[in-house]
A.B. asks: 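Encoded as structure tokens, here's the structure I'll be asking about.
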Amino acid sequence: MNILVINSGSSSLKYQLFKMPVKAPICSGLVERIGIEGSYIKHTVFSGAEKFVTEKTDFIADHADGLTQVLALLTEGEQAVITSPDDIAAVGHRVVHGGEHFSGPTLITEEVKKQIKKLFSLAPLHNPVNLKCIEVAEHTFPNAKQVAVFDTAFHQTIPQQAFRYAIPDQYYKEHGIRVYGFHGTSHKYVSEQAIKWLDKKDSKIITIHLGNGCSMTAVRDGRSIDTSMGFGPLSGLVMGTRSGDIDPSVIFHLIEHAGYSLDQLSTLFNKQSGLLGVGGSSDMRDIGKLAAEGKDGAILSLELYAYRIKKFIGAYAAILNGLDAIVFTAGVGENDKSMRAAVCKELNYLGIDMNKESNLDYSGGIADVSSADSKVKILVIPTNEEYEIAHQCFGLLA
Ligand SMILES: Nc1ncnc2c1ncn2[C@@H]1O[C@H](COP(=O)(O)OP(=O)(O)O)[C@@H](O)[C@H]1O
Ligand SMILES: CC(=O)OP(=O)(O)O
Ligand SMILES: [Mg+2]
């Protein structure tokens with residue numbers, strides 16, 4: 001069964017095509033800088049030990065345009081991987097916000113699309129784009145099953161004391177105001193890998209997903225019990241362009257004393273803050289270079305980023321009442337050795353002690369970068385949201 005997975009983020013789109021249940025993809029790719037200068041597509045076809053890479057640098061106006069170009073790459077030219085749209089049995093879609101309705105992979109119907117649409121205002125950078133990709137895929141693969149896998153699903157096990165905010169009941173009951181949590185597919189995938197690696201039944205793990213969006217989850221015996229993103233994907237850690245936690249009084253202040261509108265506030269906290277706002281770029285690689293050149297803003301942004309993660313490690317070690325492992329994953333977590341080192345510095349009180357050499361030597365796969373004396377394992381585990389989505393679709397349809 002061929003399953004195509006589409007992982008659409010705020011400014012990028014990742015995809016992989018799997019012949020399930022095989023884990024290695026037939027092809028995979030990335031569309032980046034959608035709607036801004038410098039758009040590109042990198043498409044890789046795997047054939048045994050060989051790889052064939054196609055790169056395109058035409059301007060890509062939006063996600064629908066990007067996806068249409070990707071679908072052409074799958075079906076046209078020398079590197080075509082399918083001969084007809086009907087070769088795709090199912091398309092798995094990452095959908096960021098599923099509210100309280102969805103706790104597992106879901107076959108997409110008109111009713112499901114309505115629910116996704118209802119949640120637009122709660123995930124404005126993500127859900128509209130996710131729905132657009134569903135519509136393009138329905139048009140291109142009219143006979144394929146379309147399946148949604150929600151970022152929020154893994155967090156449906158969070159207990160009330162962690163998912164409720166201390167505001168009157170009616171705001172939860174009438175407006176659905178609660179913690180939903182995001183990046184659940186990634187937290188689920190890496191925590192399962194960690195549990196297998198630890199070979200331990202009763203496990204206490206903190207997963208740290210550091211991509212463009214960043215979040216952490218406390219995972220007890222394989223279940224999410226708390227997470228740093230909340231009602232929307234804006235709270236918690238410092239991110240590429242998002243501020244993470246901020247005192248709501250700042251919002252009142254900017255409205256009252258600086259005349260800010262709703263749109264201006266949303267743009268400020270979603271698109272102009274985080275590494276970009278403090279350090280001058282949303283891309284951690286740029287921040288690393290700027291900091292090495294001695295730029296104060298970049299240095300400060302790295303300090304804020306690492307400090308916030310450290311603070312959540314302390315909080316989650318407390319609510320888990322113990323800790324077996326912390327897991328670094330996603331773009332920054334997997335690739336940025338200095339950030340991992342900065343986070344783990346001076347955490348020996350919690351039994352977290354890094355082996356500096358192993359951390360520097362990390363070059364892929366699942367690895368333990370803790371010292372022999374460390375009570376807590378420090379693991380680096382590459383995430384694979386696309387495979388996890390394909391696996392869940394396969395489970396639903398098989
Ligand atoms: N070699 C690297 N060193 C440091 N940061 C990196 C490296 N490679 C990627 N990143 C960072 O990873 C982030 C993107 O992570 P990713 O998981 O792809 O995000 P998303 O899925 O949210 O688009 C960017 O900030 C990028 O700079
Ligand atoms: C939920 C979220 O923040 O996703 P991303 O990291 O893809 O922007
Ligand atoms: Mg991502």
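Indexing begins at 1, ligand by ligand and atom by atom, following the structure's order. Nothing here was measured: the structure is a model prediction, and the numbers come from that model.
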A.B. asks: Suppose I only count heavy atoms of G213 and a 4.0 Å limit; which atoms of ligand 2 are within that range?
C.D. replies: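 Under 4.0 Å from G213, ligand 2 has these atoms: 3 (O), 6 (O).
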A.B. asks: Is the closest heavy-atom distance from R242 to ligand 2 below 4.0 Å?
C.D. replies: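 In this structure, R242 qualifies as a contact of ligand 2 - some heavy atom is under 4.0 Å.
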A.B. asks: Any idea which protein heavy atom is nearest atom 4 (O) of ligand 2, and the distance to it?
C.D. replies: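 Looking only at protein heavy atoms, the one closest to atom 4 (O) of ligand 2 is R94 NH2, 3.0 Å.
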A.B. asks: If the criterion is any heavy atom closer than 4.0 Å to an atom of ligand 1, which residues make the list?
C.D. replies: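 Answer by chain and number: S12, K14, G211, N212, G213, S282, D283, M284, R285, A330, G331, V332, N335, D336.
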A.B. asks: I'd like to check which ligand 2 atoms, numbered from 1 as shown, lie under 4.0 Å from a non-hydrogen atom of M229.
C.D. replies: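 That gives atoms 3 (O) of ligand 2.
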A.B. asks: Tell me whether H209 reaches ligand 2 (any heavy atom closer than 4.0 angstrom to a ligand atom).
C.D. replies: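 For ligand 2, residue contact (heavy atoms, under 4.0 Å) with H209 is absent.
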A.B. asks: Under the 4.5 Å side-chain heavy-atom rule for ILVMFWY, direct or indirect, which residues accompany Y165?
C.D. replies: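 Traced through the cluster, Y165 reaches V96, L119, L122, I158, F163, I167, Y171, Y172, I177, V179, Y180, F182, M229, F231, M239.
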A.B. asks: What atoms in ligand 2 come closer than 4.0 Å to a heavy atom of F182?
C.D. replies: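 Answer, ordered by atom number: 1 (C).
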A.B. asks: Look at the aromatic rings of Y189 and Y387 and report parallel, tilted or perpendicular, splitting at 30° and 60°.
C.D. replies: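 Taking Y387 first and then Y189, their aromatic rings stand perpendicular (interplane angle over 60°).
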A.B. asks: Does a salt bridge link E37 with R33, judged by any charged N lying under 4.0 Å from a carboxylate O?
C.D. replies: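 Salt bridge between E37 and R33, a charged N being under 4.0 Å from a carboxylate O: no.
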A.B. asks: Got a salt bridge between R178 and E100, using NZ or NE/NH1/NH2 to carboxylate O under 4.0 Å?
C.D. replies: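 Yes, R178 and E100 are salt-bridged.
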A.B. asks: Can a donor-acceptor pair be found, under 3.5 Å and without considering hydrogens, that links the side chain of S266 to the backbone of L262?
C.D. replies: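 Answer holds: no.
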A.B. asks: Does a donor on one side chain sit under 3.5 Å from an acceptor on the other, for D373 and S371?
C.D. replies: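 On atom types as modelled, these side chains do not qualify, holding no pair under 3.5 Å.
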